[in-house]
Amino acid sequence: MIRPNICVVKNSSDLAAAAADAVIHAAKDAIQARGRFSIALSGGSTPEKAYELLAQPPKIAQLDWSRVHIIFGDERFVPLDDPRSNYGMAARTLLGHVPIPPSQILAVPTHLASANAAARAYSHLVAGHFAMNPDGPPPRLDLILLGLGDDGHTASLFPGKSSLDEHRAWFIHSSPGVLPPPVDRITATFPLLNACRLVIFLVAGEKKKDIARAVLTDQSHKYPAARISPDDGKVLWLLDAAANGAVNHCSELPSLGGQA
Ligand code: 6PG
């Protein structure tokens, strides 16, 4: 695992603020360098507050939303208006409140007959949007937000599951792990996750302390989250003091320049 940047802030509110600032910063860099910003959103409770902050008027104005392209790093195989849907959460907290063209929000087609079919269709949808071949190398997204599960999962890549061995497809079906909600998932694979320019893990709360330490010191790749190591990109871990088990040791975000 490449050495990640680690930033520990005081509490979950500061974590949300730091995450929102990091998204704005990455977006500005990407738009300046390439004219657009592509981001994969995560589900889970930790990013919710950051999404809500990004949707506040002072923050909305800091980002040129007409140049933002959104995909989902993972999704639960439920209708998009189901309370468990990651798209639904992002729509309620963020996407419904910012001036982003709807055609630039790529939801996973969970109305299809199976999670497998949805994963295949999503790879094609993402490929079509970025004018790429879904059977070729994955897109190089500007930013992927990820969470850390209590069992070391990230996105919907659960420990011990065959989805961890996928080396070609961009999105695949993933059977649920032991954590709720126990529904089938569609997840980005390591090839897609490790092709991006910047990954930011958002980790909050005392219950994440042991697993965060285990993942950050995992040399054997036992935990899926420890296998996030972009080939030509950077990783930032944003933790609150409770998840880190120590006091604040990062008053400002480390510079992650050079993403072009
Ligand atoms: C999901 C996720 C998942 C999540 C982690 C952490 O759809 O559930 O994308 O990987 O990020 O389980 O979740 P919390 O932020 O709620 O702890």
Side-chain angles (χ1 to χ4, degrees), residues 9 11-16 18-20 22-23 39-53 70-95 106-108 110 115 118-119 122 141 143-161 163-164 171-190 192-194 196 199-216 223-228 235-240 242-244:
V9 295
N11 52 36
S12 61
S13 305
D14 287 2
L15 184 77
V23 170
I39 175 172
L41 300 183
S42 162
S45 55
T46 315
E48 259 188 273
K49 277 189 191 162
Y51 297 167
E52 279 164 5
L53 267 187
I70 306 248
I71 72 166
F72 288 82
D74 72 329
E75 182 57 281
R76 292 90 181 264
F77 189 57
V78 294
L80 296 178
D81 59 1
D82 185 290
R84 295 165 297 181
S85 162
N86 286 344
Y87 167 87
M89 184 274 275
R92 283 189 301 277
T93 54
L94 173 63
L95 305 176
L106 306 187
V108 178
T110 55
Y122 198 47
L141 298 176
L143 174 60
I144 298 183
L145 297 178
L146 290 175
L148 175 66
D150 302 2
D151 56 357
H153 81 255
T154 193
S156 285
L157 295 165
F158 298 101
K161 300 283 183 177
S163 48
L164 305 185
F171 292 91
I172 52 170
H173 160 241
S174 165
S175 51
V178 293
L179 299 171
V183 292
D184 278 343
R185 314 287 185 102
I186 291 93
T187 186
T189 58
F190 285 123
L192 185 134
L193 297 172
N194 282 329
C196 78
V199 171
I200 301 182
F201 278 95
L202 302 177
V203 188
E206 214 263 332
K207 73 181 170 74
K208 294 289 166 73
K209 189 176 77 182
D210 292 342
I211 189 66
R213 182 166 306 150
V215 168
L216 284 165
Y223 300 106
R227 290 174 56 184
I228 299 300
V235 181
L236 169 65
W237 282 75
L238 274 178
L239 302 110
D240 69 0
N244 187 55

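For the numbers below, each heavy atom of this structure counts, side chains included, while hydrogens, waters and symmetry mates do not. One-based numbering, in listed order, for ligands and for the atoms of each.
At the top of the distance list for atom 5 (C) of ligand 1, counting protein heavy atoms only, stands His153 NE2, 3.6 Å. Given atom 8 (O) of ligand 1, the protein heavy atom at minimum distance is Arg76 NH2, 2.7 Å. For atom 2 (C) of ligand 1, the closest non-hydrogen atom of the protein is Asp74 OD2, 3.3 Å.
Contact atoms of ligand 1 toward Thr46: 14 (P), 15 (O), 17 (O) (distance under 4.0 Å to a heavy atom of the residue). Close approach of ligand 1 to Gly44 is summarised as follows: ligand atoms under 4.0 Å from at least one heavy atom of the residue are 13 (O), 14 (P), 15 (O), 16 (O). Ligand 1 places these atoms under 4.0 Å from at least one heavy atom of Ser42: 9 (O), 11 (O). The Arg185 neighbourhood of ligand 1 comprises atoms 1 (C), 7 (O), 8 (O), with distances under 4.0 Å to a heavy atom of that residue.
Under the 4.0 angstrom criterion for non-hydrogen atoms, Glu75 is not in contact with ligand 1. Residue Glu48 places every heavy atom at 4.0 Å or more from ligand 1.
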For residues 143-159, which side-chain N or O atoms pair as donor and acceptor with protein atoms under 3.5 Å away, sequence neighbours left out?
residue, atom, partner, partner atom, Å
Asp151, OD1, His153, N, 3.0
Asp151, OD1, His153, ND1, 2.7
Thr154, OG1, Gly147, O, 2.7
Ser156, OG, Asp74, OD2, 2.6
Ser156, OG, Arg185, NH1, 3.1

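Looking only at distances, no side-chain donor or acceptor of Tyr223 sits under 3.5 Å from a matching main-chain atom of Ile211.
In the candidate list Ser156, Ala155, Gly147, Ala155 is nearest to atom 10 (O) of ligand 1, counting heavy atoms.
A salt bridge is absent between Glu52 and Lys49: the closest approach of a Lys/Arg side-chain nitrogen to an acidic carboxylate oxygen does not fall below 4.0 angstrom.
Neither the backbone nor the side chain of Leu146 has a heavy atom within less than 4.0 Å of ligand 1.
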